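Numbers for residues simply follow the sequence, beginning at 1. Both counts, for ligands and for their atoms, begin at 1 and track the order of listing. These figures come from a predicted structure and were not determined experimentally.
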Amino acid sequence: MKTIIRKIENLQLNSDVIEKAGMILRDGGLVAFPTETVYGLGADALNEEAARKIYAAKGRPSDNPLIIHITNMDALKKIVSEIPEEAQIAAEKYWPGPLTMIFKKSSIVPYGTTGGLDTVAVRMPSHEIARAVIDAGGGYIAAPSANTSGRPSPTKAEHVEEDLTGRIDMIVDGGTVEIGLESTILDLSVTPPMILRPGAVTKEMLEELLGEVAVDAALSEDSKKPPKAPGMKYRHYAPRAKLSIVEGNESEVVKEINRIAAEKIQEGQRVGIIGTEETVGCYLQGVVKCIGTRQDEATVANRLYAVLREFDEEDVDCILSEAFSGDGIGNAVMNRLIKAAGHHMIKL
Ligand code: AMP
Ligand code: MG
């Protein structure tokens, strides 16, 4: 298959690009497009055959359900059987935006989209290109991250090209995304509401709005329970090299990373180091990359997946990363980093 790649500059909504994308989607094809979180791989969510193509292109396990992307509340009413009051409140505050909510599905949503579940995950993105593509494609677009299953999610069109060229019909290139981590997933079918995947809409933000909010216990480091979001059980976001996270106070962490790096380099390994603006100057050897500043961990969220992909290209044998705060967006950063590391943490 030849993949059409078209660029949209400066958010100038280029109508022929959007029209082309819409036509492919309405015909049951696959189009990757930018959203504010990561690039999504879109297909018509109400067309079971189209949804099936997403699983084939990504190599995604068929029990891992898709999120349906919409642009307005009328569309929500068509695909869910009820809208709980808390969902209405959360939608008023955080839609459009990086929040996905789980609802009971209506009969028009095929099981091929929900991985056989009677619930459906829905998000209303804010990104202008995403919204235009969704509307042009019929208004109900299933769009998981546009990466090969098991690789870091794409935060720019080049990442999508690396993974999916020749496997999908079109890539709409809208530059680098704003947030860089997947949406927060909130399940409102339980009391209190439960976060199934942390993201840019944080627990603190949701608690301010809804009162008590739980976090799926299966996401904690030592849990043996299966996560409630089926996709969270897979070892996603895995770089090729073995990743270890070093946690402790800043100067101790730098010292320990330098010590381990020296040891591995002696053994003949190529070592990658993930540092921050505050620390990169302190690393003495290895391939050192700056992931952002501790003053604003949103910068770290934005660079995380790109840095993991860059290390795949550097061909390093192991990667040592500093840990992040675990507060606010730092919580989502640590969730993804710990998964990428296969839970390998060094605590000082
Ligand atoms: P992705 O779009 O690739 O970031 O993945 C979508 C995530 O949403 C996966 O972790 C899914 O397991 C999760 N998800 C989608 N639909 C549901 C649902 N009905 N219930 C629980 N989790 C869901
Ligand atoms: Mg994904």
### Message
Once you restrict to heavy atoms under 4.0 Å, what part of Val38 touches ligand 1? Side chain, backbone, both or neither.
### Response
neither
### Message
Can you name the atoms of ligand 1, numbered from 1 with element, that are less than 4.0 Å from a heavy atom of Ile185?
### Response
7 (C), 8 (O), 13 (C)
### Task
Determine whether any heavy atom of Ile102 lies closer than 4.0 Å to an atom of ligand 1.
yes
### Query
For ligand 1, is any non-hydrogen atom under 4.0 Å from Arg197's backbone (N, CA, C, O), its side chain (CB onward), both, or neither?
side chain
### Task
State the atoms of ligand 1, each with its element, that fall below the 4.0 Å cut-off from a heavy-atom position in Lys228.
21 (C)
### Message
Using a 6.0 Å cut-off, check whether atom CD of Glu267 has over 12 heavy atoms from anything other than its own residue.
### Response
yes
### Task
Using a strict 4.0 Å cut-off to heavy atoms of Ile67, name the atoms of ligand 1 that fall inside it.
2 (O), 6 (C), 8 (O)
### Message
Using a 3.5 Å distance criterion without hydrogens, assess whether the side chain of Asn302 forms a donor-acceptor pair with backbone atoms of Gly292.
### Response
no
### Task
Please step through side chain to side chain contact (heavy atoms under 4.5 Å, CB included) for the pair Leu66 and Tyr55, ending with a clear verdict.
CA-CA 9 Å; Leu66 307 174; Tyr55 289 91; 3.5 Å; yes
#### Entry: Under 4.0 Å to a heavy atom of Leu117 - the qualifying atoms of ligand 1, by number
18 (C), 19 (N), 20 (N)
### ligand 1 versus Thr119: contacting region, heavy-atom distance under 4.0 Å
both
#### Entry: Aromatic Phe311 / basic Lys289 pairing, under 6.0 angstrom, 45° off normal
yes
### Message
Quick check on Glu207: does its CD atom have over 12 non-hydrogen neighbours (other residues, nucleotides or ligands) under 6.0 Å away?
### Response
yes
#### Entry: Ser149 N/O/S atom closer than 2.8 Å to the Mg ion (ligand 2)
no
### Query
So does Lys255 pair up with Glu252, basic N to acidic O under 4.0 Å?
no
### Task
Just let me know how Asn64 lines up against ligand 1, side chain, backbone, both or neither, with a heavy-atom cut-off below 4.0 Å.
side chain
### Summary
Checking Arg309, Arg60, Lys58 against Asp163 for salt bridge (charged side-chain N to carboxylate O under 4.0 Å, His left out), the one that qualifies is Arg309
### Message
Distance under 4.0 Å to a non-hydrogen atom of Ser145: what atoms of ligand 1 satisfy this?
### Response
1 (P), 2 (O), 3 (O)
### Query
Out of Lys58, Arg60, Glu182, whose heavy atom is nearest to atom 3 (O) of ligand 1?
Arg60
### Query
Parallel, tilted or perpendicular: which fits the ring planes of Trp95 and Phe103, with parallel below 30° and perpendicular above 60°?
tilted
